[in-house]
There are 2 protein chains.
Amino acid sequence: MTRSGGQETRVRILRTAAELFRRQGYGATGLNQILSASGAPKGSLYFHFPGGKEQLAAEATALAGRDLGERMAAAVAAADGPRAAVTALGDVLADGLAASGYRDGCPVATVALEQAGEAGPIQDACAATYEGWLAGLREQLKSWGAPEDTAAELADLALSSVQGALLLAQVRRDVGVLHTIAGQVGAHIEARLATVTTGGAA
Amino acid sequence: MTRSGGQETRVRILRTAAELFRRQGYGATGLNQILSASGAPKGSLYFHFPGGKEQLAAEATALAGRDLGERMAAAVAAADGPRAAVTALGDVLADGLAASGYRDGCPVATVALEQAGEAGPIQDACAATYEGWLAGLREQLKSWGAPEDTAAELADLALSSVQGALLLAQVRRDVGVLHTIAGQVGAHIEARLATVTTGGAA
DNA sequence: AATTATGTAGACCAGTCGGTCTAGAGTCCT
DNA sequence: AGGACTCTAGACCGACTGGTCTACATAATT
């Protein structure tokens, strides 16, 4: 490739930044660390991200969120029902966590918590990422017969519980929780879905 | 009081630090900010916490965790069953979150995620805090008839789901999730406990 | 060939970081 | 009274922070 050398650098910076932000958070990660880890000079960073650290974090978080979101969506889509779906969700997260030596948890949570107080592009990117994940889950649940508002409740439940279990697994350095929680929540969702699709409330 | 003026300063620093770490994380919170917010000079900080920022964060996180833990334990103990207990748990967190303008989420999670990669006193304090909360939950569940390992599973489920919902609520700036998740998980736990105490599996 | 856009490269800046150090105020013991 | 101990007070340090700026290489356009 002759042209587009620049975009490669841009993406390399983005991926490096995403990894570091995910592992250390926004405040604890310095621009110089990102630069030396990605091999890019400072000039390139500010050429590609004139908005500085904030823009970089917002884009990096969004990118990492999209990546993981796709992997989760694929795992869920391949499942034959809610129970298998939630279990698969837990597996994706557990595998990534264990494979990274318990360093790679949720690519959004660390930054999201730090930024929860402030308003700004980073917070927006975090909120949008979660919303995207939830939208995917809701669609799946609806395809399995869940009505609109039930799907929303159950998607929230699935994401919340798996997200919390991921946090606990990371702190404990043991992925066990992720599997047991996913199993329980999957069973609960399947049971509730069965009720709704056969007999059904309002 | 004539003496013990020193311990007051120590605690004031600790509480200020806990609040800032909780809202901004470890890396993003500077010693100078803690100092100016608490009104203490730097000399006092290093007299009371010779281990520096790390020791301060470990103690502050432990203290804040103990405080919230006590409030959660009281709410759970006042409940007449698992369902009411988990709902009360969600209420405690939702109230604190909303009352602080969505700034005060979990006093442990923000720091825990930043430090998940490293080993050290901070990580230890976070792990110990969660473990303490879980121990309390397990005892309650056992008092309602749950066998040892079921209690452990259900305590993990309750904490994980509520913790995840808290994160989601904070990002969304809406405590709704906390209530719906707590309701669903409480119902699930109550149902499973009823099964175990009457008929029972292995 | 000259010009313009795209990007790389890193020196440089003021400000802040966590941490150390010395000076001294206040209190207690002897 | 005098010394010891506890704790406050903040000046000071080197290292590092995010951010700006100029110089330059390369490649497409004219």
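Numbers restart at 1 for each chain; the letters A, B, ... are given by sequence-line order, proteins then strands.
- In this structure A:Glu131 satisfies the side-chain hydrogen bond (donor to acceptor under 3.5 Å, both in side chains) test together with A:Arg138, sequence neighbours excluded.
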Could you go through B:Val111 and B:Cys126, starting from their C-alpha distance and side-chain angles, then the distance that decides it, and tell me whether this counts as side-chain contact (heavy atoms from CB on, under 4.5 Å)? CA-CA 8 Å; B:Val111 173; B:Cys126 295; 4.2 Å; yes
Can you give the donor-acceptor pairs under 3.5 Å from side chains of residues 98-110 of chain A to other protein atoms, not counting sequence neighbours?
unit_1: A:Ser100; atom_1: OG; unit_2: A:Gly96; atom_2: O; d: 3.2
unit_1: A:Ser100; atom_1: OG; unit_2: A:Leu97; atom_2: O; d: 2.9
unit_1: A:Ser100; atom_1: OG; unit_2: A:Arg103; atom_2: N; d: 3.2
unit_1: A:Ser100; atom_1: OG; unit_2: A:Asp104; atom_2: N; d: 2.8
unit_1: A:Tyr102; atom_1: OH; unit_2: A:Val175; atom_2: N; d: 3.3
unit_1: A:Arg103; atom_1: NE; unit_2: A:Ser100; atom_2: O; d: 3.4
unit_1: A:Asp104; atom_1: OD1; unit_2: A:Arg23; atom_2: NE; d: 2.6
unit_1: A:Asp104; atom_1: OD1; unit_2: A:Arg23; atom_2: NH2; d: 3.3
unit_1: A:Asp104; atom_1: OD2; unit_2: A:Arg23; atom_2: NH2; d: 3.3
unit_1: A:Thr110; atom_1: OG1; unit_2: A:Arg22; atom_2: O; d: 3.2

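- Minimum heavy-atom separation, B:Ala155 to B:Leu141: N-CD1, 3.5 Å.
- In the region residues 47-56 of chain B, proximity to DNA chain C at under 4.0 angstrom, judged on heavy atoms, holds for B:Gly52, B:Lys53.
- Shown here are the side-chain hydrogen bond (donor to acceptor under 3.5 Å, both in side chains) partners of B:Thr29, two or more places apart in sequence or in another chain: B:Gln24.
- The stretch residues 19-37 of chain B touches DNA chain C through B:Thr29, B:Gly30, B:Leu31, B:Asn32, each having a heavy atom within less than 4.0 Å of the strand.
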Provide a list of protein-nucleic acid N or O atom pairs under 3.5 angstrom, restricted to nucleotides 10-14 of chain C.
unit_1: C:dG10; atom_1: N7; unit_2: A:Gly43; atom_2: N; d: 3.4
unit_1: C:dG10; atom_1: O6; unit_2: A:Gly43; atom_2: N; d: 3.3

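- The salt bridge (Lys or Arg N to Asp or Glu O under 4.0 Å) search around B:Lys42 returns none, not counting sequence neighbours.
- We find the CD-CD distance between B:Gln123 and A:Gln170 to be 9.0 Å, quoted to the nearest 0.5 Å.
- Residues A:Leu68 and A:Thr129 fail the side-chain proximity criterion, which asks for heavy atoms closer than 4.5 Å.
- In this entry the distance linking CG of B:Leu45 with C1' of C:dC17 reads 14 Å, nearest Å.
- For B:Arg12 and D:dC7, the CZ to P distance is 14 Å, given to the nearest whole Å.
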Donor-acceptor contacts under 3.5 Å from residues 83-95 of chain B side chains, at least two apart:
unit_1: B:Thr87; atom_1: OG1; unit_2: B:Arg83; atom_2: O; d: 2.9
unit_1: B:Asp91; atom_1: OD1; unit_2: B:His179; atom_2: NE2; d: 3.3

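- Within residues 108-117 of chain B, no residue places a heavy atom under 4.0 Å from DNA chain C.
- Counting to the nearest Å, the P atom of C:dG7 and the CD1 atom of A:Ile13 are 12 Å from each other.
- When the salt bridge (Lys or Arg N to Asp or Glu O under 4.0 Å) test is applied to A:Asp174, no partner is found at least two apart in sequence or on another chain.
- Scanning for salt bridge (Lys or Arg N to Asp or Glu O under 4.0 Å) contacts around A:Glu190 gives an empty result, with sequence neighbours left out.
- For residues 11-30 of chain A, the ring pair (Phe, Tyr, Trp, His ring centres under 6.0 Å) pairs, not counting sequence neighbours, are A:Phe21-A:Tyr26.
- Using a 4.0 Å cut-off, no side-chain N or O of B:Thr9 falls inside it from OP1 or OP2 of D:dC7.
- Of all the heavy atoms in A:Ala37 and A:Thr16, the pair that sits closest is CB-CG2, 3.6 Å.
- Nucleotide D:dT22 holds its P atom 17 Å from the OH atom of A:Tyr46, rounded to whole Å.
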